[in-house]
Amino acid sequence: MVSERHSVVISMEEAVSMVKDGDILGIGGFVTTNKPMALLRSIMKEGKKDLALVAGTSSIEVDMMIALGLVREVTSSYVGAEALAPILPFYSRRAGRTFQVRDIDQGTFITMLRAQILRLPFLPSWGPVGTTMPALNPLIKPVADPFGGPPLMAVPPLAPDVTLIHAAQADIYGNVQHLGAVYCDPMLARAAKKVIVQVERLVSNEEIRKNPGATTLACKFVDAVVVLPYGAHPTASQNYYSIDAAHISSYVKAAREFFADSKEPLEEYLNKYIKQPESHIDYLESVGLKNILGLSLEGGL
Amino acid sequence: MVSERHSVVISMEEAVSMVKDGDILGIGGFVTTNKPMALLRSIMKEGKKDLALVAGTSSIEVDMMIALGLVREVTSSYVGAEALAPILPFYSRRAGRTFQVRDIDQGTFITMLRAQILRLPFLPSWGPVGTTMPALNPLIKPVADPFGGPPLMAVPPLAPDVTLIHAAQADIYGNVQHLGAVYCDPMLARAAKKVIVQVERLVSNEEIRKNPGATTLACKFVDAVVVLPYGAHPTASQNYYSIDAAHISSYVKAAREFFADSKEPLEEYLNKYIKQPESHIDYLESVGLKNILGLSLEGGL
Amino acid sequence: MEAASNKELRAIFVSRHVENRDYISLGTNLPIPTAGVLLAHLTHAPDLYLNVLNFFTNLSHVQRFEDLTQIANPAMAKYAENFMSMEEQFYAISRMDLSFASGLQVDMYGNQNLFGIGTDPANMKMRGPGPVGTSTVMATVKKYFIFINEHSPRSLVKKCDQVSAIGWGEGGPDGRAKYGFPGGGPQYVITPRAIFDFDEESKRMRLKYLLPPSTLEEIIENTGFSPVIPEKVEDMPPPTAEELQVLRTRVDTRGILRD
Amino acid sequence: MEAASNKELRAIFVSRHVENRDYISLGTNLPIPTAGVLLAHLTHAPDLYLNVLNFFTNLSHVQRFEDLTQIANPAMAKYAENFMSMEEQFYAISRMDLSFASGLQVDMYGNQNLFGIGTDPANMKMRGPGPVGTSTVMATVKKYFIFINEHSPRSLVKKCDQVSAIGWGEGGPDGRAKYGFPGGGPQYVITPRAIFDFDEESKRMRLKYLLPPSTLEEIIENTGFSPVIPEKVEDMPPPTAEELQVLRTRVDTRGILRD
């Protein structure tokens with residue numbers, strides 16, 4: 001009579017089939033940390049197209065998808081790789097040409113997600129006030145202050161069709177723990193229609209319940225879990241490994257050369273890391289175990 | 001040359017002196033759990049008056065302060081003690097007579113705190129739409145949807161002068177951990193000009209840093225810490241003790257009798273628990289060690 | 001087996017309207033809907049997501065509940081899979097499938113009043129405890145049921161003195177749409193005497209089931225307005241043996257619904 | 001001791017404007033202000049509250065920083081007293097005392113452009129990385145300093161092609177008030193050649209200190225507008241022995257500010 005509670009753990013293939021051409025795709029993480037790279041590589045390999053990317057603070061994942069011609073729109077407050085590459089080639093050169101930019105700052109981005117989460121038709125934000133953001137992004141409109149102050153700027157809700165997140169661990173029911181900073185991930189998950197989380201490892205429900213305060217996405221907000229160790233590579237995975245700066249730089253160098261002398265290095269990069277690997281394990285093998293295990297979290301400071 | 005990082009641990013007397021007559025007083029916790037009762041008893045004993053209480057979901061603490069004539073205004077979505085007392089005598093009978101009620105629901109209450117936290121002059125809320133809340137609370141005004149939908153209702157920011165919170169533990173710098181649910185406490189703290197936290201116990205900074213994800217109020221949001229074990233009595237303290245239902249009922253009974261046959265039981269209650277005790281320890285002694293240690297968190301379900 | 005009590009019938013009605021994977025908040029001090037949700041959880045809805053106080057939990061592995069009146073208890077922390085701040089609870093309402101409302105007064109369109117009795121804001125006869133989160137929740141939750149413990153002309157009124165949460169507003173098919181509410185509105189009103197749904201066109205309360213021992217005459221007499229009465233009032237389909245057994249042996253182990 | 005380098009002077013300027021108990025966010029990829037804040041932290045501001053990435057921390061107990069360029073590193077987790085979600089970071093800005101801004105372009109009123117070069121939104125010459133959080137932060141933070149790595153007519157312009165964050169708007173004493181911004185606006189613009197404040201009346205950038213080896217002529221030549229030049233340009237008060245010692249032996253232990 002009593003059926004069992006269901007697992008939401010699925011395969012990479014099933015996960016990728018949840019993303020459709022034309023989708024609004026939410027991407028979690030922060031610049032070069034905790035990016036759901038393994039899921040994104042599969043989406044790129046499958047060639048899902050006309051995607052609207054919603055990635056508050058983003059990096060090479062967005063640039064690569066633009067390079068592959070899969071992107072119709074980007075909503076982001078930042079596309080770059082900080083000291084490694086303050087500006088990313090495809091984003092910087094193709095913005096407004098092969099895809100639209102929804103210019104926004106991070107505070108206003110959060111406001112759009114909050115409007116969706118609370119199902120409010122608009123929320124006011126300080127971010128665009130006085131700036132040229134409303135001229136760049138026609139979604140932003142002035143709103144009168146009913147208490148008599150100067151007008152503010154309002155933004156509408158933003159709802160990803162599917163949000164992809166990378167986190168440290170989850171149980172089979174989809175209770176997720178980041179074991180560190182969560183960035184915008186909880187808001188991106190709450191605002192989305194579907195949420196897929198890739199995790200470094202699966203843990204028991206008892207492990208989750210030992211520290212319920214550490215649960216960063218309750219299972220209600222998680223539709224699917226895919227177990228993908230080292231899945232954030234070449235970005236960092238909190239509590240697991242640091243960024244692979246050499247790998248990121250190799251992509252940036254190839255992308256820069258695309259606009260200078262030669263299109264070959266980029267083609268080689270994309271073949272080796274996106275198109276040829278048949279699986280996530282294949283990808284990790286092409287990166288090499290030695291490289292991967294060298295990405296310690298020690299040092300710094 | 002290098003001065004040391006400062007402690008924010010203060011005495012009860014110093015804490016109470018931070019509250020002035022006329023203040024807007026934020027009160028943390030949830031109905032009959034995690035109420036900063038020890039701080040409030042000292043404020044009541046001192047007779048701080050003309051207070052505007054901001055307590056999203058409140059209980060006998062608000063009723064008692066009304067009974068003592070200290071309250072000019074209450075902003076709350078709920079004043080009651082659930083099964084113990086669905087309606088509290090002084091709140092129910094004196095509302096609009098000896099003090100003003102700023103009628104609000106919990107969603108709208110959070111919205112007012114969020115407006116203050118983000119320094120926005122208003123935020124829209126679904127809560128009052130269609131209801132008589134705007135007629136009861138003139139702070140609420142209609143706001144046009146700049147995207148063309150029906151109008152919403154807007155609320156202004158709400159900033160307590162001092163917010164009082166009860167939590168499990170803190171370090172001497174004011175990093176606070178609730179070790180359980182936080183209710184509205186983080187928002188009440190962020191929106192306030194000053195924040196005083198009473199804790200069951202003081203822990204080392206190393207203990208806090210062992211689990212930074214458990215820190216519920218970072219020290220920037222805490223102006224003072226007062227160490228007051230059993231300080232939430234007779235309300236429950238998460239992870240420490242359950243409610244003292246008999247004690248709460250004794251107050252409710254005395255308050256009901258005040259409006260029926262006799263004013264004496266209430267006078268006795270207030271004398272014994274508020275006016276006579278010279279200190280928090282005195283109060284605990286008047287309650288009795290046996291009663292206090294009997295409030296286990298086990299059982300239930 | 002002993003026939004179902006009136007309270008048990010109400011709990012079973014709730015249980016039958018809970019779907020697997022629903023996200024539901026269990027209010028405090030509402031043992032009948034709590035029993036209904038837990039009965040569903042232990043029978044056909046093992047994937048329920050429950051919000052109890054500020055705990056987020058799944059209780060499908062609990063063999064028996066020792067005290068139904070104590071579910072909303074900080075001791076629930078031991079089953080918690082997540083803590084939710086009050087803010088996070090409101091963020092979660094857009095994903096909530098079912099909530100329960102109540103009121104000092106409920107009107108013919110399912111609008112509720114928890115503010116107090118009296119139409120003059122400055123001089124109410126009696127102040128209620130306040131709406132807690134209901135004004136916002138009932139505007140936005142996917143669907144909700146109204147639960148009142150007293151079926152009388154005092155509680156079921158033509159027009160509420162104050163309105164703390166909107167049901168179907170002033171009625172009609174666009175009773176809610178004109179406000180733009182994202183939530184689906186009230187589906188049922190459950191009282192000790194009857195269960196009502198809402199007429200599709202007028203959005204007025206419509207008698208669905210009489211609950212024993214009430215008669216149609218008693219309903220009409222004890223309702224402060226004229227509910228829609230269908231030509232034929234069906235009986236609520238009787239409890240199954242499984243429903244009664246799980247309810248009595250695992251959910252309501254103290255028998256508080258049989259009093 | 002070797003005289004202070006140009007970069008060291010800028011770090012020391014920042015340090016002197018940090019007060020104890022300030023709450024400050026250390027940006028990524030900004031080693032000079034980071035050095036300035038940490039210098040203050042190890043000298044006169046032990047109670048600083050620092051926000052580094054999404055970590056909330058106090059570093060007054062750190063004896064030496066091994067790599068100033070790596071402060072914004074997930075390894076910082078080991079010093080964290082709290083994690084802050086992006087949402088919580090924005091909630092904290094109203095309590096933030098000092099922030100640092102930058103820009104592809106900065107205009108005479110301290111408005112900044114991180115969107116890109118080109119006035120036609122549909123056809124910019126070059127897209128910048130975007131404003132990150134600066135539009136909202138610079139509207140609301142108590143005060144902020146603008147930090148640019150290049151002092152040229154290309155970066156210090158009469159009018160930004162696009163504006164991603166407001167300094168003093170179109171200038172004048174109500175340059176910000178007319179927008180209703182809660183934040184206090186930019187106080188200084190720090191470049192490799194000079195430090196500017198803002199004229200109280202016009203809110204135009206005003207030369208405060210020349211930084212060696214620059215001359216007044218070089219400033220005028222390399223600024224895309226006419227900054228206010230006071231009759232007498234003071235020298236920045238020289239570093240103290242303590243400032244230089246702590247900076248070199250505990251903060252900038254690799255000497256990256258001396259290159």
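What you see is a predicted model; the values in this text were computed from it and never measured. First the proteins, then the strands, lettered A, B, ... as listed; each starts at 1.
- Neither the backbone nor the side chain of C:Asn54 comes within contact range of chain A; no heavy atom of the residue lies under 4.5 Å from a heavy atom of that chain.
- When heavy atoms are compared at a cutoff of 4.5 Å, A:Asn211 does not approach chain C at all.
- With a 4.5 angstrom heavy-atom cutoff, C:Ala45 does not touch chain A via any of its atoms.
- Below 4.5 Å, heavy atoms of chain A meet no heavy atom from residues 166-181 of chain C.
- Between C:Tyr23 and C:Phe56, the ring planes are tilted. Angles from 30° to 60° get that label.
- With values rounded to the nearest 0.5 angstrom, C:Ser164 atom OG is found 9.0 Å from C:Met138 atom CE.
- With salt bridges taken as basic N to acidic carboxylate O contacts below 4.0 Å, none links C:Glu66 and C:Arg254.
- Residue A:Lys193 forms a side chain to side chain donor-acceptor pair (under 3.5 Å) with just one option from A:Asp223, A:Asp23, A:Asp161, and that option is A:Asp161.
- Heavy atoms closer than 4.5 Å to chain A are found in the side chain of C:Tyr49, but not in its backbone.
- The part of A:Val8 that comes within reach of chain C is its side chain, from C-beta onward, which places non-hydrogen atoms under 4.5 angstrom from that chain.
- Classification of the C:Tyr188-C:Phe13 ring pair by plane angle, with boundaries at 30° and 60°, yields perpendicular.
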Q) Please walk me through it: do C:Lys142 and C:Asp97 pass salt bridge (Lys or Arg N to Asp or Glu O under 4.0 Å)? A) CA-CA 5 Å; C:Lys142 281 183 202 153; C:Asp97 299 283; 3.1 Å; yes
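- A:Lys194 NZ: 12 or fewer foreign heavy atoms inside a 6.0 Å radius.
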Q) Under the ring pair (Phe, Tyr, Trp, His ring centres under 6.0 Å) criterion, do C:Tyr144 and C:Phe100 qualify, and how do the steps go? A) CA-CA 6 Å; C:Tyr144 69 93; C:Phe100 299 100; 9.6 Å; no
